[in-house]
Amino acid sequence: MQALQLKQTFKTNISDIYALFGDDEGMILFALEKFYALIPFETREYCIQKFEGNEISQDEIIASLSYPSMFGDRRLVIVKNFNKKLTMQETEKWLDYVDNIVEGNILVLVNCPTIKAAVNQFAVDVDCNSMGLIDYVNYIQTLFNFYKVKYDKSALSEIVNRCNKDFGKINNEVNKLMLYAGSEIPIDRQVIESVVATDTETQVFEFIYAIQDGSYDKAMEIIEVLLGRGDKPSMILATITLTFRRMFAIMTNDGDEDFLCERLGMKKNALFMARKKIDATKRRVGGFLSKLKEAIYYLYQLEYDFKSGKISQENALDLAIIHLMGKTYAK
């Protein structure tokens, strides 16, 4: 099932084992919040136990699951990111566990393929991957309808795009919009543009594309927005450097989409847009690859100068902007 269905499912049935899988951290956190809500707030400190990584002890996890809740309700045990191969003995212990489940206790596996394989037939799968645009829009509509918020349906995709399809950011921004609008102000494109901030990576891409288009005023407006909302100059500079490095890798690598996304830490929609912009720039900018390489070297040097204390982070960002605009990547 999709993570969004959890709350509805809990109304009719709560299983003993859930296996969350996927790469959208926002969606995983959303799902975990639904599990936390099953435990009364005042007893969560005592009834929720977390394990993470390959060094955790299988015996400790199973022992934790075997304890009845001291408050007579549920006990929640969460295991994250365990992918180490199980021994035959460990697999047998998990099978013994599912034969002797303590009523009310819940095991939640988050990206734990080997434990999931051991208890596969007893686990409920929960998909925490990024969804399509229409799924996110439908989710936002459901929230707005439930809270009786007025909205322009045609503008809702703008929320998703400005958050780069990151579910955690979408959730945060939707809550911010509902607080701003209440039940009186209709949420339209203008309100969304005023309230919803695009994420730093998306903004930096737009900053670079503005420079390539020769739209320097627009480029500076983007930097001012980032600084105005509290982004540190060092973080903006690091993101600019990362973006140029990604663009260079995209231009010089023939790997397929999955390979590039994994190597560069990008989502497929971001990779698609980057490739589209790069192709458009290559057609009108002479020697774009060599200019890109030169920019990366310069940006790395600025980061080194800042980190070694030669210049401040503010000066480093200013020099990066001056250099990139001075090179006139649009021509």
Pair Glu221 + Lys218, salt bridge at N-O below 4.0 Å: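 No, no charged N to carboxylate O under 4.0 Å.
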Cationic N near anionic O, under 4.0 Å, Glu303 to Lys307: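 Yes, this pair counts.
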Value rounded to 0.5 Å, distance of [atom1] in [X] from [atom2] in [Y]:
{"X": "Thr9", "Y": "Asn13", "atom1": "OG1", "atom2": "CG", "answer": "8.5 Å"}
{"X": "Phe244", "Y": "Glu294", "atom1": "CZ", "atom2": "CD", "answer": "10.5 Å"}
{"X": "Met178", "Y": "Phe146", "atom1": "CE", "atom2": "CZ", "answer": "10.0 Å"}
{"X": "Glu173", "Y": "Asn171", "atom1": "CD", "atom2": "CG", "answer": "10.5 Å"}
{"X": "Asn81", "Y": "Ile56", "atom1": "CG", "atom2": "CD1", "answer": "9.5 Å"}
{"X": "Phe82", "Y": "Ile61", "atom1": "CZ", "atom2": "CD1", "answer": "7.0 Å"}

Judged by atom type as modelled, is there a donor-acceptor pair below 3.5 Å linking the side chain of [X] to the main-chain atoms of [Y]?
{"X": "Asp127", "Y": "Ala3", "value": "no"}
{"X": "Asp188", "Y": "Asp152", "value": "no"}
{"X": "Glu90", "Y": "Thr87", "value": "yes"}
{"X": "Arg75", "Y": "Ser64", "value": "yes"}
{"X": "Arg189", "Y": "Ser154", "value": "yes"}
{"X": "Thr241", "Y": "Tyr300", "value": "no"}

Side-chain contact, heavy-atom cut-off 4.5 Å: [X] with [Y]?
{"X": "Ile296", "Y": "Met247", "answer": "no"}
{"X": "Lys80", "Y": "Lys50", "answer": "no"}
{"X": "Ile62", "Y": "Asp96", "answer": "no"}
{"X": "Tyr298", "Y": "Leu319", "answer": "yes"}
{"X": "Asn111", "Y": "Asn83", "answer": "no"}
{"X": "Phe207", "Y": "Ile321", "answer": "yes"}
{"X": "Val160", "Y": "Ile140", "answer": "yes"}
{"X": "Met131", "Y": "Leu4", "answer": "yes"}

Is there a continuous path of hydrophobic side-chain contacts, each under 4.5 Å between heavy atoms, that joins [X] to [Y]?
{"X": "Tyr139", "Y": "Leu133", "answer": "yes"}
{"X": "Tyr180", "Y": "Leu156", "answer": "yes"}
{"X": "Val102", "Y": "Leu107", "answer": "no"}
{"X": "Ile208", "Y": "Tyr216", "answer": "yes"}
{"X": "Leu242", "Y": "Ile223", "answer": "no"}

Give the minimum heavy-atom separation between [X] and [Y], together with the two atoms involved.
{"X": "Ala316", "Y": "Leu302", "result": "O-CD1, 3.5 Å"}
{"X": "Cys47", "Y": "Arg74", "result": "CB-O, 3.6 Å"}
{"X": "Pro186", "Y": "Val191", "result": "O-CG2, 3.6 Å"}
{"X": "Gln2", "Y": "Asn129", "result": "OE1-O, 4.2 Å"}
{"X": "Trp94", "Y": "Leu65", "result": "CZ3-CD1, 4.0 Å"}
{"X": "Pro233", "Y": "Gln313", "result": "CD-OE1, 3.3 Å"}

Does atom [atom1] of [X] have more than 12 heavy-atom neighbours, drawn from other residues, nucleotides or ligands, at distances under 6.0 Å?
{"X": "Gln5", "atom1": "CD", "value": "yes"}
{"X": "Gln89", "atom1": "CD", "value": "no"}
{"X": "Lys34", "atom1": "NZ", "value": "yes"}
{"X": "Asn100", "atom1": "CG", "value": "yes"}

Candidate pair Gln58 and Ile115, rule side chain to side chain contact (heavy atoms under 4.5 Å, CB included), full reasoning: CA-CA 9 Å; Gln58 304 296 300; Ile115 300 177; 3.9 Å; yes
Side-chain H-bond candidate by donor/acceptor type, Tyr67 with Asn105, under 3.5 Å: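 Result is no, nothing qualifies.
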Trace of the side chain to side chain contact (heavy atoms under 4.5 Å, CB included) decision for Ser57 with Phe51: CA-CA 9 Å; Ser57 162; Phe51 299 89; over 6 Å; no
Side-chain cluster (under 4.5 Å, hydrophobic types only) that Leu29 belongs to, other residues: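 Under the 4.5 Å side-chain rule, Leu29 groups with nothing.
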Remaining members of hydrophobic cluster (4.5 Å side-chain criterion), Leu20: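 Leu20 clusters with Met1, Leu6, Phe10, Ile14, Tyr18, Ile28, Leu32, Phe35, Tyr36, Leu38, Ile39, Ile48, Leu76, Ile78, Ile106, Val108, Val110, Val124, Val126.
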Thr239/Leu226 under side chain to side chain contact (heavy atoms under 4.5 Å, CB included): CA gap, chis, key distance, verdict: CA-CA 12 Å; Thr239 308; Leu226 293 174; over 6 Å; no
Side chain to side chain contact (heavy atoms under 4.5 Å, CB included) assessment of Leu317 paired with Ile240: CA-CA 9 Å; Leu317 179 60; Ile240 292 173; 4.1 Å; yes
